[in-house]
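This report concerns only the one structure given below.
Any value given below was found using the heavy atoms of this structure, including those in side chains, with hydrogens, waters and symmetry copies removed.
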Amino acid sequence: MVTSEATADVSTAPREQRDKLSLTEILRQGAAGAVDDSTCPQVQSVLAKISLCRTHVMGGRKFQCRDCDEVTSLYNSCGDRHCPTCSGGKRVDFNDKATKLILPGVTYYQVVFTLPSELSELALANRESMSDLLVSSAWKSLSTQIKTEQGYDPAAMSVLHTWNQKLEAHWHVHLLVPGEGPCLNHRKGLSRPAWKQATPPPGAKNSRGFYLVNTDRLRDAYRGQAIAKLRRLRRAGKLKLGGKFEHLQEDDHWETFVQKLESKNWVAFIQPPPATTSSATQVVNYLTRYLTGGPISDHRITSANGKEVTFLAREGVKSGGDRQQVPVTLRTSDFVRRWCLHIQPDQLTKTRYFGGWSNNRQATYLARCQELFQSLGRDASPAEESRCEEEQPDLLC
């Protein structure tokens, strides 16, 4: 049995000896070398919070055993969403909410939309506007294609990621989308079914029998939506064009820049379930893992000694489609700088819900789905809750 006593100053327990530093320790030790006068206040604030998280400076509680009088000190956390050791409750809440949206027997697709490298760099100075450009363009193009090709009412949840495996700026958004739903414009008494599954048109290429929409048309629609929004942002004076992008303030250079973007093949990738036994909860678990805490976790760091950090990153393609893991070694200060590229403003929302899963439609949409499932004799109970802390494959990042 224990008793607890709040305290504003508790002693620091010695760090357990390990073969490598943890991510939190790397950030604490490397912060001084990664920060200078040009570092933005947001980054400085986050690193300062992480440096103090779960230390005696934050205050805490002492727990004393009534049997042996041993005292254990637990310190308060900083609560910042970027902190590697905080916000576990937020991840659990997201996982529980997302899992309740999943219906058994429905095929779910993960659709990933990526910004070209030029726009990923531009996004570093325009985080909120470029985040909205990426996510809204992705949803508008996907929902339009689903309605046009498949004729059912779509839904999606999205999670924004801003990194690649090497922690460089690589802005992309993951959307989890059901491959079926309530038929659009259905009226009772009609012979047309009220529930519609995504089916490929005759002669269409598909992956192991899975098909959502035509990928080429989806890419073109996404590129068109994003470039149109990009033009509107510049016309409204809402794009910060400084540094290497300063020349884009001139109309001629801007048009050349946009024409280059229009000539590119933008990435919009539809990933069906990896196997017939795969569950949408696996994707939810993966998206949950990086919802808070930054772009990398301790399990990918193979060594860290205060001077250098080595971590595993996937690159290239093996036969069969799996990417090769290779070690990447950076000076600690450079590692911290890359990690800091993914610190987002407080106003930037990483997760969103669209269509039938949007907040104002979710209850009605799910009730409609369950009603239609029951009329078809299908199980309408939500998917079993999954454990979001289980390790999941890195999928597409």
Side-chain angles (χ1 to χ4, degrees), residues 98 101-114 132-160 172-187 190 192-226 228-229 266-274 278-280 283-284 287 351-373 376 378 383 396:
L101 299 176
I102 296 171
L103 294 174
V106 173
T107 299
Y108 289 85
Y109 294 82
Q110 183 183 191
V111 188
V112 182
F113 295 84
T114 304
D132 182 67
L133 178 149
L134 167 60
V135 178
S136 63
S137 299
W139 168 245
K140 286 179 182 177
S141 56
L142 180 60
S143 60
T144 299
Q145 290 301 117
I146 290 177
K147 291 176 182 178
T148 302
E149 289 191 41
Q150 302 298 348
Y152 66 82
D153 190 5
M157 73 177 73
S158 73
V159 177
L160 174 70
H172 59 284
V173 63
H174 297 253
L175 276 75
L176 182 65
V177 186
E180 51 191 285
C183 190
L184 291 172
N185 302 321
H186 175 77
R187 296 178 183 176
L190 297 179
R192 187 172 58 183
W195 187 263
K196 178 74 166 56
Q197 293 180 321
T199 54
K205 296 180 181 179
N206 55 52
S207 177
R208 294 176 284 107
F210 295 105
Y211 182 91
L212 184 62
V213 295
N214 182 284
T215 307
D216 291 335
R217 284 198 290 267
L218 179 62
R219 292 190 188 110
D220 291 344
Y222 166 54
R223 179 180 58 193
Q225 289 276 358
K229 190 169 182 63
W266 289 41
V267 176
F269 180 76
I270 301 174
Q271 184 186 47
S278 299
S279 167
V283 179
V284 171
L287 297 178
T351 60
R352 300 189 195 182
Y353 297 85
F354 296 102
W357 288 348
S358 60
N359 291 333
N360 62 336
R361 292 189 56 206
Q362 189 175 114
T364 303
Y365 181 85
L366 290 178
R368 175 63 172 156
C369 290
Q370 291 174 351
E371 176 189 347
L372 292 173
F373 259 45
L376 296 170
R378 296 173 62 173
L396 296 168

Is the backbone of [Y] close enough, under 3.5 Å, to the side chain of [X] for a donor and an acceptor to pair up by distance?
X	Y	result
Tyr222	Val267	no
Tyr211	Asn214	yes
Tyr365	Asp153	yes
Gln150	Leu212	yes

From OG1 (Thr199) to CD (Glu180), nearest 0.5 Å: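 Interatomic distance, Thr199 OG1 to Glu180 CD, rounded to 0.5 Å: 11.0 Å.
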- prompt: Looking at Ser137, Ser141, Ser158, which one forms a side chain to side chain contact (heavy atoms under 4.5 Å, CB included) with Phe113?
  reply: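 So the option named by the test is Ser141.
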- request: Over 60° means perpendicular and under 30° means parallel, so classify the ring planes of Phe373 and Trp195, tilted if in between.
  value: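 Correct class here is perpendicular.
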- request: Classify the angle between the aromatic ring planes of Trp139 and Phe354 as parallel (below 30°), tilted (30 to 60°) or perpendicular (above 60°).
  value: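 Parallel, since the angle between the ring planes stays under 30°.
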message: Evaluate Arg361 against Thr364 for side chain to side chain contact (heavy atoms under 4.5 Å, CB included), listing each step before the verdict.
response: CA-CA 6 Å; Arg361 292 189 56 206; Thr364 303; 5.7 Å; no
message: If the threshold is 4.0 Å, N to carboxylate O, is there a salt bridge linking Arg217 and Asp220?
response: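 Asp220 and Arg217: not salt-bridged.
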query: Where do Trp266 and Ala226 come nearest, in terms of heavy atoms and distance?
result: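 Smallest heavy-atom distance, with atoms named: CZ3-CB, 3.4 Å.
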- request: Quick one: do Leu218 and Val111 satisfy side chain to side chain contact (heavy atoms under 4.5 Å, CB included)? Show the steps, please.
  value: CA-CA 10 Å; Leu218 179 62; Val111 188; 4.2 Å; yes
